[in-house]
Amino acid sequence: MHKIKITAIRKSDHKDLQQKYENPIQHTCDIQEGQVFIAKGWQRPEGMCESAWETVSPFVMTLAHGGENIYDGWMKNPKSAMISCNDGFRPVSFLIEVMEEEAI
């Protein structure tokens, strides 16, 4: 099984939707663009939000177990995927890539 590198590529902030639909909250997403997480199987990487992990983990596991060409080849690198978390107010897009040189 391969280790998987998960990089936060872009974090959006939909203030108009927050004002219209979201209750005020004290703590929002801590993930920063450029932040990197390393996944080792089903274990959620330290510091990764649980909700984001629930969204990306099926893709992580597919790639970790040798899967390729997720969604029939929309990625230039067949051993990668671009997946966004399910936060409709401040979604984060993650690049998920196989770390070829390392296996667990």
Side-chain angles (χ1 to χ4, degrees):
M1 184 165 51
H2 297 284
K3 287 184 182 179
I4 303 295
K5 180 180 177 182
I6 305 166
T7 306
I9 298 295
R10 181 168 297 149
K11 183 176 180 178
S12 300
D13 195 13
H14 303 301
K15 294 192 183 303
D16 59 328
L17 297 177
Q18 292 166 20
Q19 289 176 341
K20 188 171 184 177
Y21 300 108
E22 186 178 43
N23 284 323
I25 57 176
Q26 299 233 344
H27 183 80
T28 62
C29 179
D30 291 330
I31 293 175
Q32 299 297 316
E33 288 183 7
Q35 192 170 358
V36 174
F37 304 93
I38 305 298
K40 301 172 187 172
W42 276 113
Q43 183 178 359
R44 177 171 51 99
E46 186 175 332
M48 178 169 244
C49 137
E50 190 171 330
S51 180
W53 177 245
E54 288 176 13
T55 303
V56 303
S57 64
F59 300 91
V60 168
M61 291 309 297
T62 296
L63 293 169
H65 288 304
E68 294 184 19
N69 278 331
I70 296 173
Y71 297 128
D72 294 325
W74 52 240
M75 294 296 291
K76 290 180 180 180
N77 174 358
K79 296 181 180 182
S80 68
M82 180 69 72
I83 306 299
S84 296
C85 75
N86 60 7
D87 184 338
F89 297 114
R90 53 193 74 71
V92 178
S93 295
F94 295 97
L95 176 61
I96 304 167
E97 306 171 277
V98 172
M99 296 177 72
E100 291 291 345
E101 68 282 354
E102 299 186 41
I104 54 173

Inset, instruction - Can you measure from CZ (Phe94) to CD (Gln35) and round to the nearest 0.5 angstrom? - result: 8.0 Å
Inset, instruction - Look up atom CE in Met99 and atom NZ in Lys40, then write down how far apart they are to the nearest 0.5 Å. - result: 9.5 Å
Exercise: identify the closest heavy-atom pair between [X] and [Y]:
X     : Y     : answer
Ser51 : Asn86 : OG-OD1, 2.7 Å
Ile31 : Ala8  : CG2-CB, 3.6 Å
Val60 : Ala39 : CG1-CB, 3.7 Å
Val92 : Cys29 : CG2-SG, 4.1 Å
Cys85 : Pro91 : SG-CA, 3.8 Å

Listed partners of [X] passing side chain to side chain contact (heavy atoms under 4.5 Å, CB included), at least two apart:
X     : answer
Met82 : Ile9, Trp74, Met75, Ser93, Leu95
Thr62 : Ile70
Glu50 : Arg44, Glu54
Lys15 : Asp13, Gln18

Legend entry - Within-4.5 Å side-chain heavy-atom neighbours: Lys5 and Ile38: yes
Legend entry - Side chain to side chain, Ile6 and Phe59, heavy atoms closer than 4.5 Å: no
Legend entry - Qualifying residues under ring-ring contact (aromatic ring centres under 6.0 Å, His included), relative to Trp42, sequence neighbours excluded: none
Inset, instruction - Output every pair passing salt bridge (Lys or Arg N to Asp or Glu O under 4.0 Å) with a member in residues 22-33, not counting sequence neighbours, ordered by first then second residue. - result: Glu22-Arg90
Inset, instruction - Give every residue pair that meets the salt bridge (Lys or Arg N to Asp or Glu O under 4.0 Å) criterion with at least one member in residues 57-84, sequence neighbours excluded. - result: Glu68-Lys79, Lys79-Glu100
